[in-house]
Amino acid sequence: MTDTTDDKRPLDVATLQTRLARFAAARNWEPFHTPKNLAVALSVEAAELVEIFQWLTPEQSERVMDDPGSAHRVEDEVADVLAYLLQLCEVLGIDALAALAAKIDRNESRFPATADRHSPES
């Protein structure tokens, strides 16, 4: 099943970036959406996400989505982080999915899967 927006269009990065750009344009926020400002806003929203988990034990953090109130807060902050990241990518001309795929490729080369002392098999 494909996730959709309220108007039942399929969700994809380009569609979400367009919606975010239209939202900002309708409020005349574009002059403020510089790479610096978007990066700062992204950092602030990421910190707000971290704040939810700050004093939880590892076990409590694994159950954070069990409580509807905390689940809503986590989802909102994740959405804020993603929104600013997508806007930053749009402003800088970065294809977020291509950048992620390239980074995974580099990491697979840098960190080959081997049985080492840190693996569960050892």
Side-chain angles (χ1 to χ4, degrees):
M1 180 172 176
T2 302
D3 289 352
T4 59
T5 60
D6 289 339
D7 62 6
K8 304 300 180 208
R9 288 180 294 175
L11 289 178
D12 59 67
V13 171
T15 299
L16 293 172
Q17 284 176 308
T18 298
R19 288 185 66 196
L20 288 165
R22 287 181 183 156
F23 182 87
R27 290 151 182 83
N28 298 313
W29 290 350
E30 293 133 319
F32 308 105
H33 284 193
T34 64
K36 180 201 80 84
N37 288 352
L38 292 169
V40 169
L42 172 60
S43 175
V44 169
E45 294 302 338
E48 290 179 9
L49 178 60
V50 169
E51 183 181 29
I52 296 168
F53 295 92
Q54 184 174 10
W55 302 113
L56 300 180
T57 66
E59 296 77 20
Q60 289 170 322
S61 71
E62 291 172 357
R63 295 188 311 270
V64 74
M65 299 305 285
D66 294 346
D67 173 64
S70 62
H72 180 72
R73 288 179 56 219
V74 169
E75 288 174 358
D76 273 357
E77 297 308 333
V78 165
D80 288 342
V81 167
L82 183 56
Y84 281 117
L85 180 60
L86 292 178
Q87 290 173 90
L88 179 63
C89 288
E90 179 72 17
V91 166
L92 294 175
I94 296 171
D95 178 332
L97 298 182
L100 177 56
K103 181 65 174 184
I104 292 169
D105 290 343
R106 286 191 303 277
N107 284 345
E108 287 173 339
S109 295
R110 286 180 60 205
F111 308 105
T114 59
D116 65 14
R117 67 174 198 248
H118 301 292
S119 71
E121 293 85 33
S122 29

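Computed from heavy atoms alone, side chains included, the values below leave out hydrogens, waters and symmetry copies.
Here Ile104 contributes atom CD1 and Arg106 contributes atom CZ; the two are 10.0 Å apart, rounded to the nearest 0.5 Å. Taking CD of Glu75 as the start and CG of Leu49 as the end, the distance is 11.5 Å to the nearest 0.5 Å. We find the CG-CG distance between Leu82 and Leu42 to be 9.5 Å, quoted to the nearest 0.5 Å. From Arg73, atom CZ reaches atom CG of Asp67 across 9.5 Å, with rounding to the nearest 0.5 Å.
Remark: side-chain polar atoms of Asp80 are not paired, donor with acceptor, to backbone N or O of Glu45 under 3.5 angstrom. Side chain of Glu48 to main chain of Glu77: no donor-acceptor pair is present (N/O by atom type, distance under 3.5 Å, no hydrogens or angles). Listed for the Thr18 side chain is a donor-acceptor partner under 3.5 Å among the backbone atoms of Ala14. For the pair Arg63 (side chain) and Glu59 (backbone), a donor-acceptor distance under 3.5 Å is present.
Val40 and Leu85 are members of different hydrophobic clusters when ILVMFWY side chains are connected at heavy-atom separations under 4.5 Å. No single ILVMFWY cluster, assembled from side-chain heavy atoms under 4.5 Å apart, contains both Val78 and Val81. With hydrophobic clusters built from ILVMFWY side chains whose heavy atoms lie under 4.5 angstrom apart, Leu20 shares a cluster with Leu11. The hydrophobic clustering, which links ILVMFWY residues whose side-chain heavy atoms are closer than 4.5 Å, places Val44 and Tyr84 apart.
Every residue meeting the ring-ring contact (aromatic ring centres under 6.0 Å, His included) condition with Phe23, not counting sequence neighbours, appears here in chain and number order: Trp29.
A 4.5 Å side-chain heavy-atom check between Thr34 and Asn37 finds at least one atom pair inside the cut-off.
Taking each heavy atom of Pro35 and Leu92 in turn, the nearest pair found is CG-CD2, 3.6 Å. Among all heavy-atom pairs drawn from Cys89 and Gln17, the shortest one is CB-NE2, 4.0 Å. Ser70 approaches Val64 most closely through the heavy-atom pair OG-O, 2.5 Å. The nearest pair of heavy atoms linking His33 to Leu38 is O-CD1, 3.6 Å. Minimum interatomic distance between Glu30 and Ala25 (heavy atoms only, all atoms of both residues): OE2-CB, 3.1 Å.
Shown here is Arg22, whose CZ atom has no more than 12 heavy atoms of other residues, nucleotides or ligands within 6.0 Å.
Side-chain polar atoms of Asp76 and His72 form a donor-acceptor pair below 3.5 angstrom.
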